[in-house]
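First the structure, in the form of structure tokens, and then the observations on it.
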Amino acid sequence: MTTIGPLYDKKCICPLCTAHFTTKKMRSRFIKAKGFDSDFFPFYEEHNPTLYYVNVCPLCGFAYSDEAEIRLKEAEKAILIKNISSNWVPQNFGETRTIGDSIKTYKLAAYAGILRNDRHIAIAGLYIRLAWLYRLLEDRNEETRFMQLALTQYELSYSTGDFLGTQVSELKTLYLAGELSRRTQKIEQAVKYFSKVIEQQSRTVETKIISLAKDGWHKIRELQQA
């Protein structure tokens with residue numbers, strides 16, 4: 001009897017070069033979260049699906065997440081080929097990944113997203129996951145660097161409204177801007193964003209985010225009064 005493992009092969013077609021390739025994904029039955037940090041960093045019992053969030057074409061180097069809706073225009077393809085594919089040394093990220101392997105895939109996806117002017121909210125999602133991976137490695141400097149990069153993208157997403165039509169709500173965008181501000185010692189900025197979240201408590205169903213914003217605000221007050 002064959003034992004079914006946590007990973008399976010997903011068939012992909014590269015949106016850039018149309019090459020067919022497979023990449024590992026995690027079966028949902030093996031994904032068990034024990035809890036979440038205040039910036040939604042998930043704690044898993046054993047198997048971490050975050051490592052397999054990004055797909056990377058082994059032939060041309062184009063990287064993208066499953067959530068991304070990729071319809072490349074010819075001008076975008078030209079930019080990606082010039083900046084990524086022409087410098088790409090063929091390598092395969094389609095097997096079991098270490099945290100280090102996964103970090104490389106996120107950086108590739110973020111770079112591709114920037115080149116094609118993807119939504120700020122999408123790039124923010126890649127950067128915050130990079131911060132989480134560096135947190136797992138206990139690399140505080142790189143964790144902070146990517147939290148700051150994610151913060152910038154969440155702020156731009158809020159100011160431009162490009163989160164609209166995505167799975168990330170306005171309230172969650174504001175909250176993450178506040179929490180990442182708090183974690184990177186931008187205290188006045190954090191208070192401003194938390195306050196914007198809390199102001200909406202009477203007209204939102206996202207009560208968990210309201211609670212998290214209040215927790216963040218209280219942590220700041222406790223620190224100031226210490």
Side-chain angles (χ1 to χ4, degrees), residues 25-45 47-54 64-71 106 109-110 113 117-133 135-136 143 146-224:
K25 296 292 175 182
M26 192 162 288
R27 290 186 171 91
S28 58
R29 76 179 80 165
F30 290 91
I31 302 170
K32 297 177 181 178
K34 295 184 292 184
F36 297 86
D37 209 338
S38 56
D39 63 351
F40 303 112
F41 167 54
F43 307 114
Y44 292 105
E45 287 186 7
H47 304 288
N48 188 350
T50 308
L51 301 182
Y52 301 95
Y53 182 73
V54 173
Y64 59 100
S65 76
D66 282 336
E67 293 177 4
E69 293 183 12
I70 309 292
R71 295 183 183 88
Y106 278 95
N117 292 315
D118 202 356
R119 294 187 191 216
H120 297 295
I121 199 68
I123 297 170
L126 296 170
Y127 282 152
I128 198 170
R129 286 172 173 82
L130 275 163
W132 297 344
L133 292 173
R135 193 175 303 167
L136 287 172
E143 178 193 348
F146 281 100
M147 283 195 296
Q148 290 171 336
L149 288 169
L151 170 58
T152 297
Q153 294 297 320
Y154 281 119
E155 289 181 305
L156 287 168
S157 180
Y158 175 67
S159 65
T160 61
D162 81 356
F163 58 84
L164 294 170
T166 74
Q167 295 180 347
V168 186
S169 67
E170 177 183 8
L171 208 64
K172 188 172 182 179
T173 303
L174 275 171
Y175 169 72
L176 282 169
E179 179 60 13
L180 292 174
S181 294
R182 185 186 71 81
R183 285 173 173 264
T184 55
Q185 308 304 312
K186 298 176 177 66
I187 301 305
E188 289 185 13
Q189 192 170 295
V191 169
K192 177 186 75 173
Y193 286 122
F194 286 149
S195 297
K196 284 180 179 290
V197 173
I198 295 166
E199 283 169 7
Q200 298 189 42
Q201 62 183 326
S202 64
R203 53 184 187 274
T204 182
V205 296
E206 295 179 275
T207 54
K208 178 62 176 176
I209 292 178
I210 298 293
S211 178
L212 286 168
K214 289 180 176 178
D215 288 344
W217 191 84
H218 285 302
K219 285 175 185 176
I220 290 170
R221 286 295 300 273
E222 288 170 3
L223 192 64
Q224 290 173 336

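By convention here, the first residue in the shown sequence is residue 1.
In the model, R119 has no side-chain atom that pairs as donor or acceptor with a side-chain atom of T160 under 3.5 Å. There is a side-chain donor-acceptor pair under 3.5 Å between Y53 and E67.
Across every non-hydrogen atom of Y193 and E155, the tightest pair is OH-OE2, 2.9 Å. For the pair R129 and G125, the tightest heavy-atom approach, listed with the atom from each and the gap, is NH1-O, 3.0 Å. Between A213 and V197 the shortest heavy-atom distance is CB-CG1, 3.6 Å.
Using a 4.5 Å cut-off on side-chain heavy atoms (C-beta onward), T152 and Y127 make no contact. Contact annotation: the side chain of D37 approaches that of R135 to within less than 4.5 Å [non-hydrogen atoms, C-beta and beyond]. Side-chain contact check for F146 versus L133: every heavy-atom pair is 4.5 Å or farther apart. Residues Y106 and T50 meet the side-chain proximity criterion, which asks for heavy atoms closer than 4.5 Å. A heavy-atom distance below 4.5 Å is found between the side chains of Y44 and I31. When side chains are defined from C-beta on, F30 counts as touching R27, because their heavy atoms get closer than 4.5 Å. Considering only heavy atoms from C-beta on, S38 comes within 4.5 Å of K219 through its side chain. Contact annotation: the side chain of E143 never approaches that of L130 to less than 4.5 Å [non-hydrogen atoms, C-beta and beyond].
Taking 4.0 Å as the cut-off between side-chain N and carboxylate O, E45 and K34 do not count as a salt-bridged pair. Between E179 and R182, at least one side-chain nitrogen of the basic residue sits less than 4.0 Å from a carboxylate oxygen of the acidic one, meeting the salt-bridge criterion.
Qualifying side chain to side chain donor-acceptor pair (under 3.5 Å) partners for K214, counting only residues two or more places apart in sequence or in other chains: Q201.
A distance-only check finds a donor-acceptor pair linking the side chain of S181 to the backbone of A177 [under 3.5 Å]. Between the side chain of T204 and the main chain of Q200, no donor-acceptor pair closer than 3.5 Å is present.
Note that the OH atom of Y52 and the NZ atom of K25 stand 10.5 Å from one another [nearest 0.5 Å]. Taking CH2 of W132 as the reference point, atom CE of M147 lies at 12.0 Å (rounded to 0.5 Å). We find the NZ-OG distance between K192 and S195 to be 10.5 Å, quoted to the nearest 0.5 Å. Distance check: D39 CG to L176 CG gives 7.5 Å after rounding to the nearest 0.5 Å. Atom CZ of R183 is separated from atom CG of L151 by 12.5 Å, given to the nearest 0.5 angstrom. Annotation: the span from Q153 atom CD to L180 atom CG amounts to 12.0 Å, rounded to 0.5 Å.
Taking the six-membered ring for Trp and thresholds of 30 and 60 degrees, Y158 and F163 have nearly parallel ring planes, at less than 30 degrees apart.
For Y175 and F40, the ring centers sit closer than 6.0 Å to each other.
The local environment of NZ in K196 is sparse, with at most 12 non-hydrogen atoms from other residues, nucleotides or ligands closer than 6.0 Å.
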